[in-house]
Amino acid sequence: MKKFFSPLGMAIVVVFLTLVSCDDDDNSFENKCNVSDPVEELAWLKAEIDDMSQDEYAYYVMANYKGEAVFYNGNCNPAANYVSTVKNCSGDELGNRTNFEDELTDITILWQHEESECHFDE
């Protein structure tokens, strides 16, 4: 019993518990769409980004809404009067982003123009 609690024994236990407790994060909202790269693998999202690819004020976001991945586009042009629509993994419209604002978490910028005029706090 004394040898089990040696530093080597404790290290083995810690490594074992670490490995057992890790998972592949399939339950995260980012994997709910069953894709590893939503921008490339969700056809509707790729098409929308392609349509706005020349706009240096445009960007696309993924967020968590009640455990589900949702997407919306944005525009940081201060002169634009702009409303974005929240969509699910299938591209179905869920509603206006302002209606979801308080419930969106884990907001991640998926795409923005290479020379974007938008500046986000990282």
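These numbers come from a predicted model, not from an experiment.
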- Beyond-backbone contact of Lys87 with Trp44, side-chain heavy atoms, under 4.5 angstrom: yes
- Message: When you group the ILVMFWY residues by side-chain heavy-atom contacts below 4.5 Å and let the links chain together, are Leu110 and Val35 in the same group?
- Response: yes
- Item | Intermediate values then yes/no, side-chain contact (heavy atoms from CB on, under 4.5 Å), Phe71 and Glu48 | CA-CA 11 Å; Phe71 306 87; Glu48 287 194 13; over 6 Å; no
- Note on the structure: Looking only at heavy atoms, the pair that brings Leu42 and Cys89 closest together is CD2-O, 3.9 Å
- Under a 4.5 Å cut-off applied to non-hydrogen side-chain atoms, are Leu104 and Val61 in contact? no
- Item | Inter-residue atom distance His113.NE2 - Ile49.CD1, 0.5 Å rounding | 13.0 Å
- Please name the pair of heavy atoms, one in Ser116 and one in His119, separated by the smallest distance, quoted to 0.1 Å. O-CE1, 4.5 Å
- Query: What distance do Asn99 atom CG and Leu94 atom CG have between them, rounded to the nearest 0.5 Å?
  - Reply: 11.0 Å
- Item | Point-to-point distance, once rounded to the nearest 0.5 Å, from CD of Glu103 to CD of Glu101 | 10.5 Å
- Check for a donor-acceptor pair, side chain of Glu41 on one end and backbone N or O of Ser36 on the other, with a separation under 3.5 Å. yes
- State the SG-CG distance between Cys118 and Asn75, to the nearest 0.5 angstrom. 6.5 Å
- Output the distance between atom CE (Met62) and atom CD1 (Ile107), rounded to the nearest 0.5 Å. 11.5 Å
- Message: For a quick test of reading the model, state the closest non-hydrogen atom pair linking Val86 to Tyr72 and the distance between them.
- Response: CA-CB, 4.2 Å
- pair Tyr60-Val39: side-chain heavy atoms closer than 4.5 Å: no
- Passing option when Asn73 is tested against Trp111, Tyr59, Tyr82 for side chain to side chain donor-acceptor pair (under 3.5 Å): Tyr82
- Item | Nearest heavy atoms of Glu117 and Cys76, plus distance in Å | C-SG, 3.8 Å
